[in-house]
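Heavy-atom basis, side chains included; hydrogens, waters and symmetry copies ignored.
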Amino acid sequence: MNAYAPILVLGALGAGFAIFSVVMASRIGPKRYNRAKLEAYECGIEPTPQPSGGGRFPIKYYLTAMLFIVFDIEIVFLYPWAVSFDSLGLFGLVEMLLFVLTVFVAYAYVWRRGGLEWD
């Protein structure tokens with residue numbers, strides 16, 4: 001337990017600072033609300049009314065999300081592979097080439113569907 005004491009103290013200090021900051025900001029911060037501050041913010045674009053059941057999203061939203069996830073997964077697998085590259089040998093190289101080929105197939109799909117065009 002002695003080995004974990006500094007980690008627990010650091011976690012308690014971090015949580016305490018976060019709670020203190022939120023509480024103090026709500027207590028002493030300015031409270032001048034107006035109509036513009038209470039509106040939803042959509043990246044500088046005026047909010048548009050949505051149908052009651054929700055609206056249809058363009059496929060580009062999903063393609064961008066898919067591309068983001070694909071490259072995140074690639075990084076998750078590439079880092080440990082790079083660390084232990086010497087011990088894996090030729091087998092590790094071939095497996096990573098197959099993995100990168102799979103990633104490029106996903107990239108080509110997104111590119112073909114227009115997910116990289118920002119109109």
Side-chain angles (χ1 to χ4, degrees):
M1 185 64 180
N2 287 339
Y4 295 110
I7 296 172
L8 292 175
V9 169
L10 186 61
L13 280 173
F17 179 73
I19 292 169
F20 175 77
S21 297
V22 170
V23 168
M24 291 309 291
S26 66
R27 297 259 185 212
I28 64 174
K31 294 172 178 54
R32 293 183 299 262
Y33 298 111
N34 59 27
R35 187 170 160 232
K37 283 187 179 181
L38 296 175
E39 282 186 11
Y41 181 71
E42 296 183 8
C43 302
I45 301 171
E46 288 293 324
T48 57
Q50 294 291 325
S52 62
R56 293 183 61 171
F57 287 97
I59 189 70
K60 289 185 182 185
Y61 287 112
Y62 299 107
L63 291 175
T64 304
M66 185 176 109
L67 190 65
F68 179 76
I69 290 171
V70 163
F71 283 107
D72 274 356
I73 291 171
E74 180 184 20
I75 293 302
V76 166
F77 285 121
L78 273 177
Y79 184 74
W81 172 79
V83 169
S84 61
F85 176 71
D86 290 339
S87 63
L88 293 175
L90 184 62
F91 172 75
L93 180 65
V94 171
E95 289 298 319
M96 190 49 66
L97 287 175
L98 290 174
F99 176 70
V100 169
L101 178 69
T102 306
V103 169
F104 280 129
V105 167
Y107 176 72
Y109 173 76
V110 171
W111 188 3
R112 180 87 169 122
R113 294 288 302 208
L116 301 176
E117 295 173 9
W118 301 100
D119 317 308

Is the shortest heavy-atom distance from the side chain of [X] to the side chain of [Y] under 4.5 Å?
X	Y	result
Tyr62	Met66	no
Met96	Leu88	no
Val23	Arg27	yes

Partner residues of Phe85 under the ring-ring contact (aromatic ring centres under 6.0 Å, His included) criterion, sequence neighbours left out: Trp81
All ring-ring contact (aromatic ring centres under 6.0 Å, His included) counterparts of Phe77, not counting sequence neighbours: Phe99
Between CG on residue Leu78 and CD1 on residue Ile73, distance to nearest 0.5 Å: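 Interatomic distance, Leu78 CG to Ile73 CD1, rounded to 0.5 Å: 12.0 Å.
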Leu97 with Val76, same ILVMFWY side-chain cluster at under 4.5 Å: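 No, Leu97 and Val76 fall in different hydrophobic clusters.
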Counterpart residues, side-chain contact (heavy atoms from CB on, under 4.5 Å), relative to Leu90 (two or more places apart): Leu93, Val94
With sequence neighbours excluded, residues passing side-chain contact (heavy atoms from CB on, under 4.5 Å) with Ser26: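 Listed in chain order: nothing, the list is empty.
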Hydrophobic cluster of Phe17, others only, ordered by chain and residue number, side-chain cut-off 4.5 Å: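 Its cluster mates, by chain and number: none.
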Apart from Met24 itself, residues in the same hydrophobic cluster as defined by side-chain heavy atoms under 4.5 Å: Phe20, Ile28
Verdict with supporting geometry, Leu67 and Tyr107, side-chain contact (heavy atoms from CB on, under 4.5 Å): CA-CA 7 Å; Leu67 190 65; Tyr107 176 72; 3.9 Å; yes
Atom CZ of Phe104 with >12 non-hydrogen neighbours under 6.0 angstrom: no
